[in-house]
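Labels below follow one simple rule: chain letters A, B, ... track the order of the sequence lines, proteins then strands, and each chain is numbered from 1. We use all heavy atoms of the structure for the numbers below, so side chains are in, but hydrogens, waters and symmetry mates are not.
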Number of protein chains: 2
Amino acid sequence: MRTDSRLPRVLHVLLHLDQTEDPVTSDQIGKMLNTNPSLVRRTMAGLRDAGFVGATKGHGGGWVLSRSLDSISLAEVYAALGSPQLFAVGQSTDAPSCLLEQAANLATSSALEAARETFQEKLGQVTVADLVRPHAQVIRQHQETL
Amino acid sequence: MRTDSRLPRVLHVLLHLDQTEDPVTSDQIGKMLNTNPSLVRRTMAGLRDAGFVGATKGHGGGWVLSRSLDSISLAEVYAALGSPQLFAVGQSTDAPSCLLEQAANLATSSALEAARETFQEKLGQVTVADLVRPHAQVIRQHQETL
DNA sequence: CTGTTTTGTGACTTTAAAAGTAACAAAATC
DNA sequence: GATTTTGTTACTTTTAAAGTCACAAAACAG
């Protein structure tokens with residue numbers, strides 16, 4: 001498949017929404033993301049369902065933040081997107097009968113699961129608001145290690 | 001793209017090769033992996049170039065191990081495959097001019113890079129031989145934490 | 001030497017999931 | 001009533017791996 005760019009894209013959108021009071025239309029967002037409004041609506045649907053943004057129809061409608069960005073972690077954003085498949089690498093067969101294949105699959109998936117945990121941890125340590133506070137993210141992560 | 005299953009597949013093959021003295025043909029391996037010999041040859045090419053296996057042509061030819069499996073880490077196997085793309089998730093644009101997009105990309109790639117490091121560490125801690133020594137992998141990883 | 005086995009390799013098609021596109025009903029505002 | 005905008009469905013395109021086909025070259029068997 002193509003590279004899934006939904007996470008950085010919606011983060012980008014959230015940061016922009018935080019910079020204005022007015023609703024931003026899917027059309028405007030589409031121009032920001034260099035794509036079309038239908039895809040924007042589809043991609044943003046998860047964030048709407050999660051209560052992070054609201055969408056209103058008609059004249060003067062569009063997308064607005066409904067929660068403060070410092071109350072939303074990147075992990076929540078990722079989850080709101082439906083926790084898309086993280087890895088391009090995976091197991092061979094799902095439930096192989098060959099013991100050696102099972103061992104190969106187990107080793108692969110163990111490493112991947114460890115990587116997924118790290119990914120989730122990292123996302124959990126950062127709020128969307130942190131992204132525009134240079135150094136804040138670094139400090140925050142440093143504190144975690146103390 | 002499809003899920004990349006080369007890592008578990010070649011691990012599976014290496015474990016099988018370790019169980020016999022005789023060369024194993026791409027055709028036989030293809031049946032093991034439920035695929036065809038051409039794909040086997042293409043996939044195994046990296047391991048051959050890395051010196052982990054040797055391939056001989058003609059009657060009685062095929063693939064044989066040329067190094068002991070306890071001398072090969074999973075990380076080396078992954079590298080021999082050309083370190084295939086690990087993540088299905090990626091950045092939006094490569095070099096965006098928008099600062100907010102840069103921030104979104106940086107946050108995404110930071111989490112991914114941390115995950116990649118974990119993945120590589122895990123692979124580096126385990127040899128192919130470990131895979132068929134039940135519990136050995138667990139013990140080995142536990143020792144790392146001491 | 002001839003025929004068979006097997007690898008190495010190039011060229012192509014298929015697959016799967018996201019991206020991208022188009023269209024339109026429904027809702028909200030003007 | 002006209003316009004704007006979302007929500008949603010259906011469809012096409014993209015991308016890289018998987019899968020397939022074909023064949024030259026090498027190695028071996030007789």
Which protein N or O atoms sit under 3.5 Å from an N or O of nucleotides 9-12 of chain C?
from  : atom 1 : to    : atom 2 : distance (Å)
C:dT9 : O4     : B:S38 : OG     : 3.2

Let me check something: any side-chain donor-acceptor pairs from residues 10-23 of chain A under 3.5 Å, sequence neighbours excluded? List them with distances.
from  : atom 1 : to    : atom 2 : distance (Å)
A:H12 : NE2    : A:H16 : NE2    : 3.1
A:T20 : OG1    : A:D22 : N      : 3.1

statement: All heavy atoms of A:W63 vs all of A:R48, minimum pair found to be CZ3-CB, 4.0 Å
- prompt: Of the non-hydrogen atoms in A:R6 and A:D4, which two are nearest, and what is the gap between them?
  reply: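 Closest approach of A:R6 to A:D4, heavy atoms only: NH2-OD2, 2.7 Å.
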task: Whole angstrom is fine here: how far is it from CG in A:D49 over to C1' in D:dT8?
output: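 Rounded to the whole Å, the gap is 13 Å.
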Side chain A:S66, main chain A:G51, donor-acceptor under 3.5 Å: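 It does hold such a pair.
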Is there a side-chain polar atom (N or O) of [X] under 4.0 Å from OP1 or OP2 of [N]?
{"X": "A:R2", "N": "C:dA16", "value": "no"}
{"X": "A:S26", "N": "D:dT6", "value": "yes"}
{"X": "A:S5", "N": "C:dA19", "value": "yes"}

message: Any residue in residues 72-93 of chain A with a heavy atom nearer than 4.0 angstrom to DNA chain D? Just list them by number, or reply none.
response: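 Nothing qualifies; none.
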Members of residues 8-22 of chain A that approach DNA chain D, where some heavy atom sits under 4.0 Å away: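 Contacting residues: none.
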query: Base, sugar-phosphate, or nothing: which does A:N36 touch, judged by heavy atoms less than 4.0 Å apart?
result: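 Base contact.
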Ignoring hydrogens and angles, state whether a donor on the side chain of [X] or [Y] is under 3.5 Å from an acceptor on the partner side chain.
{"X": "B:N105", "Y": "B:S92", "value": "yes"}
{"X": "B:T127", "Y": "B:D130", "value": "yes"}
{"X": "B:S68", "Y": "B:D70", "value": "yes"}

- request: Please confirm whether B:F119 and A:F87 have ring centers closer than 6.0 angstrom.
  value: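 Distance test on ring centres: not under 6.0 Å, no.
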message: How bent is the helix from C:dC1-D:dG30 to C:dC30-D:dG1, measuring the angle between the end axes built from five pairs each, rounded to 10°?
response: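 If I round to tens, the end axes sit 10° apart.
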Each nucleotide N or O in nucleotides 28-30 of chain C that has a protein N or O under 3.5 Å away: list the pair and distance.
none

